[in-house]
Number of protein chains: 2
Amino acid sequence: MQDRIECCEEHCVHPEILEHVKLEMPNEEALYDLAELFKVFGDTTRIRILYVLFESEMCVCDIAELLNMSQSAISHQLRVLKQAKLVGNRREGKTIYYFLADDHVRTIIGQGMEHIEE
Amino acid sequence: MQDRIECCEEHCVHPEILEHVKLEMPNEEALYDLAELFKVFGDTTRIRILYVLFESEMCVCDIAELLNMSQSAISHQLRVLKQAKLVGNRREGKTIYYFLADDHVRTIIGQGMEHIEE
DNA sequence: ATTACATATGAACAGATGATCATATGTTTG
DNA sequence: CAAACATATGATCATCTGTTCATATGTAAT
């Protein structure tokens with residue numbers, strides 16, 4: 001957060017900063033992936049699933065019961081969470097256990113909580 | 001992440017853990033607000049705006065030019081970012097400068113980046 | 001006051017999203 | 001292998017989202 005940029009377009013007093021900002025921007029693909037990742041967090045059902053998995057790994061129908069939702073709805077959302085690599089799973093007989101994939105999940109949700117608690 | 005829960009519903013071997021998880025869950029309103037917050041991060045345009053503001057506060061039309069988008073589109077999105085308290089603004093004559101509101105933005109985006117870079 | 005400039009806002013429309021329902025897949029047991 | 005169980009998946013539909021377009025608001029200068 002240095003100098004600010006004067007308005008407007010062709011009147012910008014600091015074109016070198018505009019240029020600098022452009023260079024600092026991550027590439028389009030990374031920004032797209034980042035937005036996609038946050039979209040995954042941007043749904044109450046998925047947030048609740050992640051919270052439930054904070055406590056213990058669990059099978060699909062347990063999550064469904066805890067959240068009072070259909071098995072199908074949970075399964076669809078677990079798929080989304082898995083594609084985003086936020087959860088992993090392992091099979092044990094008929095049952096498939098889901099668990100949190102890594103600690104970024106906790107950090108990200110924790111920071112989000114801090115923000116809304118202000 | 002302690003004991004796992006056995007399947008299914010009425011067959012759960014650890015009903016006390018199910019009960020424990022229910023008690024640990026934040027209230028519905030907090031979860032809703034949290035999802036709403038992440039929804040705001042879940043859009044490429046808004047992510048790009050936040051990234052641009054990492055470097056320097058900026059006026060609307062500068063952002064619009066940097067992102068190569070219409071003034072209206074940027075203005076609509078800045079409104080969303082402001083409602084989520086992710087950005088603030090101040091007026092200086094005709095111009096309105098937008099800036100990042102707090103450091104949670106950097107932390108959250110930073111963690112998100114770490115996650116997708118794996 | 002009139003004009004120009006910077007920004008905001010409302011309506012509208014296309015595209016994305018999430019739950020439901022019906023059904024399919026994969027596993028174990030008898 | 002047939003039945004039961006746990007989970008996954010595809011289609012459908014109502015709802016939500018983001019951009020555009022036209023226009024409104026607010027400020028400064030002449």
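We name chains A, B, ... by the order of the sequence lines, and we start the count at 1 in each one.
- No donor-acceptor distance shorter than 3.5 angstrom exists from the side chain of B:His115 to the backbone of A:Leu86, with no hydrogens or angles considered.
- Here C:dT17 presents its P atom at 11 Å from CG of A:Asp43, a figure rounded to the nearest Å.
- Not one N or O on the side chain of A:Arg79 forms a donor-acceptor pair closer than 3.5 Å with the backbone of A:Ile74.
- Residues B:His20 and A:Ser56 have side chains not in contact (no heavy-atom distance under 4.5 Å, counting atoms from C-beta outward).
- Contact between the side-chain N/O atoms of A:Tyr98 and the OP1/OP2 oxygens of D:dA6 is not found at any separation under 4.0 Å.
- In this structure, OH of B:Tyr97 is placed 13 Å from P of C:dA8, rounded to the nearest angstrom.
- In this structure, B:Arg48 and B:Leu67 approach most closely via the heavy-atom pair NH2-O, 3.1 Å.
- The distance between atom CZ of B:Arg79 and atom P of C:dA11, rounded to the nearest whole Å, is 12 Å.
- Between the P atom of C:dT7 and the CD atom of B:Glu57 lies a distance of 12 Å, rounded to the nearest Å.
- The CD-C1' distance, from A:Glu36 to C:dA16, rounds to 10 Å in whole Å.
- Between B:Gln77 atom CD and C:dT9 atom P there is a gap of 13 Å when expressed in whole angstrom units.
- Here C:dA19 presents its C1' atom at 14 Å from CG of A:Asn68, a figure rounded to the nearest Å.
- Distances shown here put a side-chain N or O of B:Thr45 below 4.0 Å from the OP1 or OP2 atom of D:dT19.
- A:Val40 and A:Arg46 make their closest contact through O-NE, 2.7 Å (heavy atoms, listed as atom of the first residue, atom of the second, distance).
- A cation-pi arrangement is found for A:Arg106 relative to A:Phe54, the charged atom lying closer than 6.0 Å to the ring centre and inside a 45° cone about the ring normal.
- For B:Lys39, counting side-chain heavy atoms from C-beta on, the closest listed nucleotide (C:dT7, D:dT17, C:dA19) is D:dT17.
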Point to revise | Annotated protein contacts, base or backbone, on nucleotides 20-30 of chain C with a non-hydrogen cut-off under 4.0 Å, one of B, S, - each | key: BBB---SBS--

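- Proximity of B:Asn89 to B:Glu57: side-chain heavy atoms (C-beta onward) are nowhere separated by under 4.5 Å.
- Atom CD1 of B:Ile63 is separated from atom C1' of C:dA6 by 13 Å (rounded to the nearest Å).
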